[in-house]
Amino acid sequence: MTQITQRTSKLRFVVLGAAIASALFVSGCANRSASSSVYTYGQAQNEQIVRLGTVQSVRYVTIQNDQPSGVGGISGAAIGGVAGSTIGGGRGNVLATIGGALLGGIAGNAVENRTQKRQGLEVTVTMDNGETRAIAQEADIMFTAGQRVRVLSGNGPTRVTPL
């Protein structure tokens, strides 16, 4: 193997490693939560209205991020392009690189969309004043019909918590 070929091979692995590391870093920063137990810094120490009620029904829902970050597609394209660049030579190498980037971008976007979905609950609560409210949140706390709960609302999302 010539020195140029060895350098090119090492460079490809460095670029691939950097792309994977940056994708993992950025995707780790984009963690959003719809849990009743998670408060953002801005929501802490804010007064909330507490109302009491009884769970009428519970159903499973899927909570999906409404704005994908694009990290999946970008990192998939980078990884696919690097992988494709290792195939063939000349024009074939260029086509393989472009094809790898396109397929990697599509696959990365699909993976990001799947990982941005969470299991949730839609909890329908009959409030003590007779009103009925439905609140969707992550399925980290289970509820049953007839269970007494607190409904917290005000500055931020509305949450259902056990009494």
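Positions are given from 1 along the sequence.
The same ILVMFWY cluster, assembled from side-chain heavy atoms under 4.5 Å apart, contains both Val160 and Val58. When the side chains of ILVMFWY residues are joined at heavy-atom separations under 4.5 Å, either directly or via intervening members, Val151 and Ile49 end up in two distinct hydrophobic clusters.
In this structure, Leu152 CG and Arg150 CZ are separated by 5.5 Å, a value rounded to the nearest 0.5 Å. Taken to the nearest 0.5 Å, the OG1 atom of Thr126 stands 11.0 Å off from the CZ atom of Arg133. Put simply, OG1 on Thr124 and CZ on Arg59 are 8.0 Å apart, with the number rounded to the nearest 0.5 Å. In this structure, Arg51 CZ and Thr158 OG1 are separated by 7.0 Å, a value rounded to the nearest 0.5 Å.
Taking Ile, Leu, Val, Met, Phe, Trp and Tyr as members and joining any whose side-chain heavy atoms lie under 4.5 Å apart, directly or through other members, the hydrophobic cluster of Leu163 also contains Leu52. Clustering of Ile, Leu, Val, Met, Phe, Trp and Tyr by side-chain heavy atoms under 4.5 Å joins Leu103 with none of the others.
Side-chain contact between Leu121 and Met142: present, with at least one pair of heavy atoms (C-beta onward) separated by less than 4.5 Å.
A side-chain contact (heavy atoms from CB on, under 4.5 Å) with Gln56 holds for exactly one of Val123, Thr132, Val125; it is Thr132.
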Intermediate values then yes/no, side-chain contact (heavy atoms from CB on, under 4.5 Å), Asp128 and Arg148: CA-CA 10 Å; Asp128 286 351; Arg148 295 286 292 162; 2.8 Å; yes
